Each structure stands twice: as structure tokens, then as C-alpha cells.
Amino acid sequence: MSLPLLQPSTATSFPTSIALTAQAPSFLKSQSTWFAALPYPLSLLTNTESQEKWQIYENLFLASLRTGADATAWQCLEALVARFGKTNDRVIALHGLYLEATAKDEHGLAAAMRLYEEVLIEDPTKFSIRKRRAALLRSAGKTAEAAQALVNILDASPTDAEAWAELADLYLSQGAFDQAVFSLEEVLLVMPNAWNMHAKLGEVLYLQASRTESVGEKARLLAESFRRFCRSVELCDDYLRGYYGLKLTSTRLLELRSTSQKQQQNTSDPSTGDLAPPSTETVKKLNAIATAKLGEIVRRASSGEKGWDGFSKAELSAARDLLDKSTLKIER
Amino acid sequence: MAILASALNIVGLLFLSHAVYSAYEHSLLPTTALIPPTPSRTLIPAFLNPKIDLPLDITLETLFSVVLLCIGVVISSPALMPIQWNVWAGRMERSKEARLVTEVGVGGGNPYAVLEERPGFVDIRRQRREFAEWKGGKGVGL
């Protein structure tokens, strides 16, 4: 089976979605041949069943919905319904997704919502449907209800890292930093090796620190964020996002320490389990390491070295800007 | 490196087959092959006691060819897969090739990226809106 069709079209890349949608008609045509419609005993001989096939159907469905090719999406959905039945969790969720995407007005959305509620009355343990319901509530702007739905999901299944991450994102979009940090910490309890979530938590803490007025609190949050970025680069070599955050937080920490001379050294309280803030030498050393690493990544990625083509262009240029800014400061 | 490895393997195989064939031919010689039972070998059980005394050059050739083959096989083996978490993760961040999906459930890059994309909670209406805007602006950004 063709490999390009198997690559999932992630939410961030529109060109991939376009490419997938463009391949859809030829793929669908290749699947509907005359011998596939033979009666039962003969159809066993011409079976094209495979995991790849249905994964491709789902990928095509999502990509064509995203690009607005609703007819193709409907074809894929019909094939999935014919294969897995109308009562399959995943198929119901995809059907709901189709209804949501093609809804013209409030009535269309209400139809999708009705589908979810009907399924959930029958069987409230279908988590894919409960997740879709929460997502629809959020998409419709009913943030409080969406948060409540997510909390209900998490009450029933507290180890669902995806739901915790969604809740964190919801809280973050509302500016509720403490709750977002709590949710992200829960994600890390379930998946302690997720290096991108460590970086994400570092980013949230950094945001929170930049919104805080009090110097002591700011230093504590920055140190915490600094630690999270350290963990993310420990888990993943050459992690551009982690090193970027490490450089940013260590620079801010050093600035903060040089302006508020010694007055706020003891911001952590060991009796509550807080760690002591990192020493200034450590921060300086790690800042130097982050600078060197960022420089190396930017140099090797932009020279097109073999095996260094995986970084996103936006991240690379942001790292270059950060490096330029810091060298400017030193020259001054 | 590949050429060196296959050369070593071929030469090693040639020497090994030559040594084995020589040993076989030598064992067929009635006069030279037979050795009288010596009392010094009584430590070895009778069924393990060799009835043939091979000349030293055949033994040396066998050992030499096996050493050559060992080196050749080790050199020609593919590069080891990373078993350290940070190395494995770093390779996926760095190179597009390491992120390719090779079959269902194999490959695909950072397995924790789903925590930020969250396919179960996808907001398809916003994605469609963003796509329409992106297309209207003819691919600004991304």
C-alpha cells in the first residue's frame, strides 16, 4: 500500500492536507473494482482487507474534511460505516465530525450534539463520543460547559492524558494559569517521558512568570520553568524548543538576579517541598550550553546537513532571532 | 566500508572452505593420518579423542579464516538502533526521515505529539476556517 497516504495530516500542515486530498480520488477508484463486489464465497478470494487500507480511509476522511472536500469525505465515511457498522465508537465520532464540519448554522451543530447525546444516553462509557461532545461545546464557545464536560471525563478516567492536556489548553486559553499548570502536571504524572509536555509546562510557567508583578513569585516561577526546560532537553537531544526555552528562562533569571540584589534569595520554602532555586553559576553555565546548542542546531539545519532537516522553519528563524538579540546585547 | 566487509567475507569463506577440504583430503591419506593411541590423551573421553592428527597449517588456516569471517560479519552489520531514550528522541526531532510512518503503528515521530494535537478533541470547524483563510491568502506562513 502506498506510504504517502499513510502519513497523518497533522493539524498544522495545510500542504500535507492538500496533497492527501488530491490523492483521494485515485485511491478511492483503486478500491472499488468489479471483483470486490462478488458474492460471499468468491469475495474471500479477492479480499483487500488490511490495517493500512482503513488507516488510509481515515486519513483521507480527515484531510478532505479539513480542505473542504465534503463529497470525498462522505465517500470515505460511507466505506468506513459499511465496514465497521454504525455503532462503532470511532465511526460515530467520525460521523459526528462530518456533521460538525458541514453544519451551516446552529441547527446543524445541534444535530451533531443530538447524535452525541443520544449515543451517550445509551452507553455513557464511549469516551470518543464524550470527547467529541466536549470539543463541540468548546468549539461553540461554551467554555464553562466544555470545562465541566472535561472534568466529568477525567472523574471517570483520571489517567486519560489527552483529556488532561485538552483541559490544560482550555484553562490556558482562559488565562487560568494555576489550573493549566495543575493539568499539565497531571499529564506528566501519566506520561513522565513526554519531552514536549515538559517544554509546554515550561512555556506556561514562563508566561505566568511574565504576568506576575511580585519579584519573589516571579523568581520562583522562572526557576520552575527553567527546571522544566532542563528536563525536556535531558529527555531529548537537540530539542530546539527545549533549548530555546532554556536560553530564554536562564537569561531572564540572570537579569532578575542582577536587578534585585540578594534581597529575594530565599523565595522557596523547603517545608512545603519546594526545591532551592538554582545557583547563579549553574544558571550561567546552562545558559552558555543552551546558546552553544542553539547555535549548532541553527548552523547545521540551515546548511542542510544530512539528517538535520526535521526542524520547522518558523522555530529555526525564531531561534536565530533569539541568538542575534543576545549577541547584540553583549556588544552593547 | 561495504566493499571491505564483503571482501573480508569472501576471502574468509574461501580460506574456510579450503581448510575444510584440505582436512577432509588429509583424513583420507592412510599413512599420514593414523596416529597411534598415546597414553597422554587419557584425560579426554574415548569418543572425543581424534583419530586423525591434522597438520598445523590446516589448523592455522581454519582459525585465520574464522577470524576474517567474524570481522567481516561485524563490519557488514547495519548501524545499531538507538536504545537510549534521549538519543532516540533527538533523532526524531532532528530528521524528517526518522519520523516517516513505515506501516500502521510503526514510525510517525514523537509519540507524545498527540498530547498537543489531540485528535480526539479536534476542532474541525476552526481548522476549516483557518484553511480557508490560508488558501485565500495564498499560503502566507506555513
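Throughout, a chain's letter reflects where its sequence line sits, starting with A, and its residues are numbered from 1. Note that the coordinates shown come from a computational prediction; the quantities given were computed from them, not determined experimentally. Both backbone and side-chain heavy atoms feed into the values below; hydrogens, waters and symmetry mates do not.
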- prompt: Residue by residue, which of residues 95-104 of chain A have a heavy atom closer than 4.5 Å to a heavy atom belonging to chain B?
  reply: L97(A), E100(A), A101(A)
- line: Most contact-rich option vs chain B, by heavy-atom pairs under 4.5 angstrom, among E162(A), R300(A), M191(A), R90(A), is E162(A)
message: Is L240(A) close to chain B through its backbone or its side chain, or both, or neither, when contacts mean heavy atoms under 4.5 Å?
response: neither
- prompt: Of all heavy-atom pairs between E234(A) and N86(B), which one has the smallest distance, and what is that distance?
  reply: O-CB, 3.4 Å
message: Please identify, among L65(A), N193(A), I18(A), the residue contributing the most non-hydrogen atom pairs under 4.5 Å to chain B.
response: N193(A)
field: Contacting region of A93(A) [heavy-atom separation from chain B under 4.5 Å]
entry: neither
- prompt: Between W308(A), F311(A), F127(A), which shows the greatest number of heavy-atom pairs under 4.5 Å with chain B?
  reply: W308(A)
- line: Within residues 194-201 of chain A, the residues sitting under 4.5 Å from chain B by heavy atom, in sequence order, are A194(A), W195(A), N196(A), M197(A), K200(A)
message: Quick check on the interface: out of V187(A), V233(A), L235(A), who has the most heavy-atom pairs with chain B under 4.5 Å?
response: L235(A)
- prompt: Rounded to the nearest 0.5 Å, how far apart are OH of Y112(B) and SG of C236(A)?
  reply: 12.0 Å
Closest contact, heavy atoms only, K131(A) versus G120(B): CB-O, 3.8 Å
query: Taking 4.0 angstrom as the limit, do D238(A) and R94(B) come out as a salt bridge?
result: yes
- prompt: Taking only residues two or more places apart in sequence, or in another chain, which ones meet R91(B) in a salt bridge (charged side-chain N to carboxylate O under 4.0 Å, His left out)?
  reply: none
D309(A) (side chain) donor-acceptor with K96(B) (main chain) under 3.5 angstrom: yes
message: Within the 4.5 Å heavy-atom criterion, are F121(B) and L150(A) side-chain neighbours or not?
response: yes
query: Counting heavy-atom pairs under 4.5 Å to chain B, which of T67(A), L136(A), I297(A), D169(A) comes out on top?
result: T67(A)
task: With a 4.5 angstrom heavy-atom cut-off, could you sort out which part of R128(B) is near chain A: side chain, backbone, both or neither?
output: both
message: Looking at E166(A) and R118(B), is any side-chain nitrogen of the basic one under 4.0 Å from a carboxylate oxygen of the acidic one?
response: yes
field: Flag, side chain of R132(A) to backbone of V122(B), donor-acceptor distance under 3.5 Å
entry: yes
Exercise answer: donor-acceptor pairs, residues 72-79 of chain B side-chain atoms, under 3.5 Å, sequence neighbours excluded:
| from | atom 1 | to | atom 2 | distance (Å) |
| --- | --- | --- | --- | --- |
| S76(B) | OG | G72(B) | O | 3.0 |
| S76(B) | OG | V73(B) | O | 3.2 |
| S77(B) | OG | V74(B) | O | 2.7 |

- request: Could you check which of V87(B), D123(B), N110(B), V114(B) has the highest count of heavy-atom pairs closer than 4.5 Å to chain A?
  value: N110(B)
task: Please look at Q55(A) and chain B and tell me whether the side chain, the backbone, both or neither of the residue comes under 4.5 angstrom of a heavy atom of that chain.
output: side chain
